[in-house]
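Take a look at the structure below.
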Amino acid sequence: LVIEFRWAEGNYERLPALAAELVRLKVDIIVTHATPGALAAKSATTTIPIVMATSSDPVATGLVASLARPGGNVTGMSGINPEVTAKRLELLKDAFPRTRQVAVLFNTDNPNKFTLSAMEATAASLKLELQQFGVRRSGDLDSAFAAMAKRRVDAVVTTDDAVLIANFGAIAKLAAKMRLPSIGLPEFAEAGGLMAYGADRRHLFRRAAYFVDRIFKGAKPADLPVEQATRFEIVLNQKTAKALGLQFPQAVLARADRVIE
């Protein structure tokens, strides 16, 4: 196998050109990471099979007609991000009941309206007020957290986005500097964030290889149902909690799949 690897380095504006370049190279399959990459690939070709290693809501974003019958040339995995991100608010509230104002960190270049809508609905049921802070690249993080300080938020939730994932370490440090409880993907807790809830993304990428194998053996993307994530985990970072002077309730600790000491 020859793999042609392309990375937009956090600049989503580069994705269409990179996708077009792969099409010109006449690759046999395009494997994408996250919704923006999948959308760029779909716009670049209607014939080359596209396998989504991760995506948020492929039906809502127009990547596939339905999960069971994708149609077209796109199939793969969905991390069901809207529901998962909304669930982080519940976990945050369980751990810190006094939380009222929550900052939501997201990438303005990533189609987030479905995730943000799901979060708003959950926030209303939990009596939380969400405040949105959009960034486009790593250089925007300092100003976003400065704005959070001015608005006196109680905690910060990160959405699932390639640019944010690439900067989890910096985000965790900024949250700790402001002494804010924070929650995101499992990799976020591993990078120093306080809490995490999300799909096992390593499993999603491994499962994407199944789709590649099926297509190489003659299957059509239109006939391969999109699969949703089935493995989720709660990760708590005790080291960060101690540094912030916070303590997880025993009930929350009991639910954790992993605790980072």
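- A donor-acceptor pair is defined here as one N or O able to donate and one able to accept, closer than 3.5 Å; such a pair exists between the side chain of D154 and the backbone of R100.
- Taking 4.5 Å as the limit, every side-chain heavy atom of T32 sits out of range of all side-chain heavy atoms of K42.
- For the atom pair CD (E120) and CG (L89), the distance works out to 9.0 Å, reported to the nearest 0.5 Å.
- The main-chain N or O of I48 is found under 3.5 Å from a side-chain atom of T45 such that the two form a donor-acceptor pair.
- A donor-acceptor pair under 3.5 Å is absent between the side-chain atoms of T54 and the main chain of H33, judged by distance alone.
- Interatomic distance, CD of E21 versus CD of E4, reported as 8.0 Å (0.5 Å rounding).
- By the rule that hydrophobic residues join a cluster once side-chain heavy atoms approach within less than 4.5 Å of another member, L39 and V64 end up as members of one cluster.
- Put simply, CG on D57 and CZ on F114 are 6.5 Å apart, with the number rounded to the nearest 0.5 Å.
- Cluster partners of V163, using a side-chain heavy-atom cutoff of under 4.5 Å among ILVMFWY residues and allowing indirect links, are Y12, L15.
- Among the candidates L185, I171, N110, the single residue satisfying the side-chain contact (heavy atoms from CB on, under 4.5 Å) test with L164 is I171.
- What you find for G134 and T108 is that their closest heavy atoms are CA-CG2, 3.6 Å.
- Side-chain contact between M77 and M52 is absent, with no heavy atoms from C-beta onward closer than 4.5 Å.
- Side-chain atoms of D109 never come within 3.5 Å of backbone atoms of R136 as a donor-acceptor pair (strictly under, hydrogens ignored).
- Residues A41 and I30 share a closest heavy-atom pair of CB-CG2, 4.1 Å.
- Annotation: R206, atom CZ; neighbour count of heavy atoms from other residues, nucleotides and ligands within 6.0 Å does not exceed 12.
- Between the CG atom in L63 and the OG atom in S56 there is a gap of 8.0 Å [rounded to 0.5 Å].
- Looking only at distances, a side-chain donor or acceptor of S143 sits under 3.5 Å from a matching main-chain atom of D140.
- With a 4.5 Å cut-off on side-chain heavy atoms, L105 and F145 count as touching.
- Grouping the Ile, Leu, Val, Met, Phe, Trp and Tyr side chains by contacts below 4.5 angstrom, directly or via other members, places Y210 with I29.
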### Message
Quick one, F168 with T158, criterion side-chain contact (heavy atoms from CB on, under 4.5 Å). Give me CA distance, side-chain angles, the key distance, then yes/no.
### Response
CA-CA 9 Å; F168 271 168; T158 68; 4.0 Å; yes

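- Contact annotation: the side chain of V102 never approaches that of M119 to less than 4.5 Å [non-hydrogen atoms, C-beta and beyond].
- Within the structure, every pair that satisfies the salt bridge (charged side-chain N to carboxylate O under 4.0 Å, His left out) test and touches residues 226-254, not counting sequence neighbours, is listed here: R207-E227, E233-R258.
- A donor-acceptor contact under 3.5 angstrom links the side chains of E129 and Q101, judged on distance only.
- Criterion: ILVMFWY side-chain heavy atoms under 4.5 Å apart, direct or through other members. Under it, I50 and V23 are part of a common hydrophobic cluster.
- V84 and G79 get closest at one heavy-atom pair: CG2-O, 3.6 Å.
- Two residues are said to be in side-chain contact when any heavy atoms from C-beta on lie closer than 4.5 Å; F248 and M195 meet this criterion.
- Within the 4.5 Å cutoff, the side chain of M178 has no heavy atoms near those of the V156 side chain.
- Using a 4.0 Å cut-off between charged nitrogen and carboxylate oxygen, R88 and D160 count as a salt-bridge pair.
- Side chain of N237 to backbone of A189: a donor-acceptor contact under 3.5 angstrom is found.
- No side-chain donor-acceptor contact under 3.5 Å links T85 and T159.
- How far CG of L174 is from CG of L141: 6.5 Å, rounded to the nearest 0.5 Å.
- Looking only at distances, no side-chain donor or acceptor of N167 sits under 3.5 Å from a matching main-chain atom of A170.
- Summarising the geometry of A8 relative to R14, their closest heavy-atom pair is O-NH1, 3.5 Å, with the distance given to 0.1 Å.
- Checked against side chain to side chain contact (heavy atoms under 4.5 Å, CB included), A147 has the following partners two or more places apart in sequence or in another chain: F133.
- Minimum interatomic distance between A65 and V59 (heavy atoms only, all atoms of both residues): O-CG1, 3.9 Å.
- Both F232 and V252 sit in one connected hydrophobic cluster of ILVMFWY residues. Membership requires side-chain heavy atoms under 4.5 Å apart, directly or through other members.
- When all heavy atoms are compared, the tightest approach of P221 to P49 is CG-CB, 3.6 Å.
- At least one donor-acceptor pair closer than 3.5 Å links the side chain of T240 to the backbone N or O of G192.
- Look at E90 and K87 and you find a salt bridge, because one of the NZ, NE, NH1 or NH2 atoms lies within 4.0 Å of a carboxylate O, short of that distance.
- The shortest distance between side-chain heavy atoms of P181 and L92 falls below 4.5 Å.
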#### Entry: Stepwise side-chain contact (heavy atoms from CB on, under 4.5 Å) test for N73 and T47
CA-CA 6 Å; N73 62 323; T47 55; over 6 Å; no

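- Between P58 and L67, some side-chain heavy-atom pair lies under the 4.5 Å cut-off.
- A single hydrophobic cluster is not seen to contain both V51 and L22; linkage of ILVMFWY side chains at heavy-atom distances under 4.5 Å, directly or through other members, places them apart.
- Without hydrogens or angle criteria, T122 side chain to A118 main chain gives a donor-acceptor distance under 3.5 Å.
- Looking at T75, its side chain does come within 3.5 Å of a backbone N or O of L224 through a donor-acceptor pair.
- Taking CG of L236 as the start and CG of L194 as the end, the distance is 7.5 Å to the nearest 0.5 Å.
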